[in-house]
Amino acid sequence: MRKPERPHEHCCCRATRQATGSRWKEVTSERIMSPAATDAAESKPPDGGWGWMVVVGAHISIGFAYSTPKALSIFFKEIQEDLGASSSEIAWISSIMLAVMYAGGPVSSVLVKRFGSRPIVIVGGLMCGVSMVTASFGRSIVYLYLSIGIIGGCGLCFNLNASLTIISKYFLSKRPLANGLAMAGSPVFLCFLAPLNQFLLGDFGWRGSLLILGGMMLNCCVAGALMRPVTLSCNPSAVAALKNMETTTKHNMSKKGRCLTNARQFLDFSFFKDRGFIIYLMGNTMYIFGAYAPIVFLSAYAVSQGVEEYSAAYLLSIMGFVDMFVRPGTGLIANSKWIRPRIQYFFGFAMIFNGACHLLCPMMTSYAFLVGYAVFFGVGFGMVFALIFECLMDLMGNQRFPSAVGLVTIIECFPMLLGPPTAGLLVDLYGDYKYLFYMCGAVIMSGGLFLIIMNILHYHMLEKEKAEHNGARRSPETGNQDGVSLSEAQREPTEAESAPMNRDPQDPSTDDTGPDITDHF
Amino acid sequence: MIPGKRRAAVMLLSAAIVGAMLMQPVRSQNEPSIAASENVLLTFEEGSSPGIVLQCNLTSSYSAHKENFWMKNGEEIPETRQDNKNMELKLDRPRADAAGVYVCVYTFDNAPPANATIEIKSVPVITGHKRSENKNEGQRAVLHCKSLGYPHPIWTWHKVDNGGFKDIDNSTGRFFINSRDNYTELHIVNLDINADPGVYACNATNVIGSNKETSVLRVRSHLAPLWPLLGVLAEIIILIVIIVVYEKRKKPEDLQDGGPVKTNSTNNHKDKNLRQRNTN
């Protein structure tokens, strides 16, 4: 008995091929399909029902992943006194945690592809819990680096990657909304964890707090339990064809080829041939470089403008609070039928808005203006982060998303770690915070402009290639409403295609929205 | 003149010259006199400390005076050097840290400097102290108090018990008090969760008066975080059980229907046909 290719996806059909052979061809010409044959094996993601519980699970999981490194900084002062470490040594804990969380992306994607989201999120939750509990017994700073930084970072990395993947599996037409809701977990949990950590610190000390926090991170296991593997109505012949092809290719490949494919599992460099991916990656890198520095230095800047410390800290809470509502709101807007086809442009616009905010910040001298800046910053930040993974899903499609997100996170590691120290260097050199904001605003804005311009070019070139492709092959055209962008049509198929997929050239970026799907049946 | 008489005259003359020479330094050892203002007592009532002016006037001196400056507590106050015989130091709205020993110093070209001392005294005001301290059992707690004022106070520590100030019972030998001029620390080693928690007061007393401030000491037990942890674990286990049971109960129903989770697409009957074929 053959082992199913993806054991975590339940194929409910146990039919034989002969019954559906011809009927399948008839139907496939009119069904929604995406280019790769494996995508054809899935009919359509559920887009609702249990999917919303999965969004809750992803919300919790992503919430812990993004807010824990920031919320831990509340304990740092006491840990510093207790263990006798310097402030830079202490700050490394957060940095190591973030770095491992991002760098572990490729490993996480391989595991998710192999085992599915649910076991990975449960393991991630367990790792996080164990890391915090063991950290509470720590006696030296290196011990904390290992337990919180490395083990905790690994756990969070598994959480993040698996949650995003399962959203892409469960949602298609409502995917931007689902993404917005799930990513909203980050500000919600930060707003919730920060005062909680203060309270725990006062009542239990840092060791007791880490112990309790470890217990709370086991809630990620609950989130994982919610992430039921998606049941698909599958297409038996396509699946069988795929399995056949896979086994034959494996036999035919030489040893070197097999090594390469195994290595490619971790870092799939074929992504770099995808123009859309490169554009996304470059725009994203520029954004991440400038995104975190203003957050780090906002209260210091406010204090330098004469605002008192307590009110300056309040600015960040305002930003987080606004962020909480903007993310789902952006998801809702991005889901609408005007924006969804142009979601890459919306992403670029969000970045430009964010960059403009930062460029205007040095003009804000009074507290009221700074509050306004914090609000707009929250809006911009929330918009970008609600769309950041949605756009990648849009570009890469279901199958390639896990590996793509692994690759993107490991590359994003570098600007994320370099951004705030560079900004700090600017502050030290010029003694003025305004250059920091100018730099961050300029970098982010140019990232957004780059995305918009390059995407216009990219879609233009895709149209041209499509026209040539259609001219050369006279196969029936089917509309593609899978919600994937034009770039999907250009992907080199890694698996055999059961039917040629072409997009309607007149409408280059028809991603589907609810009602449009049915038009093509 | 007779030789003997000449010798006597020379000796007298030389004695007179030596005497005259000796007398010079004696005369210069007369101190120059400085008239200085009185010692001040600082009070801190609202609106009643307008400003203090300290004055020193060089009334007589035998040597040309070069310049003068003020010193506070042994250190020169910057930007007070001047060459006016009459010197003043203005202290606007003096707070407790204005108290101390002030010295006006006059320097001379050919003579050692002369000075006069004015003291500003005040009640000790306790500034730096922790309102509360939370420590774990068995750890060491340090309570401290810092004061401003002159003369330097004598420090004592008490434990506040039901409104009354009790002396600290050091029968267990765990309490140590370190006091310096303006600073005091109470060290408690090996905290005991039963005996040690409570309110502690540091008392600063000098000639003028005394002040005290309180700090709260809380001792956390090692087992304190275990209860919330158990609560959180229980919540997690309950939720997981609910989710798993729900899923197990739904699965058999799912398999009976033979279809996936309902999609919200309005697929036409062709799709339904396909699905029906797929079930056996």
Side-chain angles (χ1 to χ4, degrees), chain A residues 10 12-16 19-20 23-24 26-27 30-32 43-51 53 82 122 125 129 133 136 170 173-174 200-205 207-216 218-219 221-222 224-226 228 230-236 514-515 517-518 521, chain B residues 132-137 139-140 142 216 218-248 250-251 254-280:
Chain A
H10 299 301
C12 61
C13 52
R14 302 175 221 104
T16 55
T20 55
R23 180 69 71 138
W24 167 245
E26 221 183 291
V27 174
E30 297 170 87
R31 279 175 75 98
I32 41 160
S43 65
K44 192 170 108 59
D47 256 320
W50 188 253
M53 294 306 284
D82 208 7
I122 292 181
V133 167
S136 74
Y170 260 91
S173 63
K174 296 217 176 85
L200 286 177
L201 184 65
D203 266 17
F204 299 107
R207 290 181 197 274
S209 305
L210 280 180
L211 199 63
I212 297 178
L213 210 59
M216 290 182 70
L218 288 178
N219 274 309
C221 294
V222 174
L226 280 172
R228 206 189 281 169
V230 60
T231 47
L232 310 158
S233 66
C234 53
N235 159 22
I517 303 169
T518 58
F521 275 107
Chain B
S132 73
E133 174 85 333
N134 298 336
K135 285 281 180 199
N136 290 335
E137 252 188 307
Q139 277 189 322
R140 154 194 276 242
V142 177
V216 179
R218 293 192 198 96
V219 182
R220 309 179 197 123
S221 108
H222 280 309
L223 298 177
L226 276 188
W227 285 113
L229 182 67
L230 286 177
V232 169
L233 287 177
E235 166 244 330
I236 289 171
I237 292 178
I238 290 175
L239 281 176
I240 293 187
V241 163
I242 291 177
I243 293 172
V244 166
V245 164
Y246 180 72
E247 188 166 326
K248 288 282 180 266
K250 213 158 181 280
K251 247 217 180 121
D254 242 352
L255 290 177
Q256 274 173 15
D257 287 347
V261 175
K262 286 197 174 47
T263 69
N264 63 0
S265 71
T266 56
N267 281 348
N268 57 19
H269 59 280
K270 272 196 206 155
D271 217 1
K272 287 205 187 106
N273 280 345
L274 189 68
R275 232 176 274 140
Q276 280 168 8
R277 273 179 205 273
N278 286 346
T279 63
N280 32 347

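Computation of the quantities below employed the complete heavy-atom set of this structure, encompassing side-chain atoms and omitting hydrogens, waters and symmetry-equivalent molecules. Please read these numbers as outputs of a predicted model, since none were measured by experiment. Each chain gets a letter, A, B and so on, in the order the sequences are listed, and its residues count up from 1.
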Asker: Would you mind writing out the side-chain donor-acceptor pairs for residues 226-247 of chain B within the sub-3.5 Å range, not counting sequence neighbours?
Answerer:
residue, atom, partner, partner atom, Å
B:Glu247, OE1, A:Arg118, NH2, 2.5
B:Glu247, OE1, A:Arg228, NE, 3.4
B:Glu247, OE2, A:Arg118, NH1, 3.0
B:Glu247, OE2, A:Arg118, NH2, 3.3

Asker: Tell me, for A:Ile122 versus chain B, whether the close heavy atoms (under 4.5 Å) come from the side chain, the backbone, both or neither.
Answerer: neither

Asker: About how many Å separate CZ of A:Phe204 and CG of B:Asn134, when rounded to the nearest 0.5 Å?
Answerer: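 Separation between the atoms: 11.0 Å.
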
Asker: For chain B, which candidate among A:Asn219, A:Leu213, A:Leu211, A:Asp203 shows the most heavy-atom pairs at distances under 4.5 Å?
Answerer: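 Between A:Asn219, A:Leu213, A:Leu211, A:Asp203, the count favours A:Asn219.
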
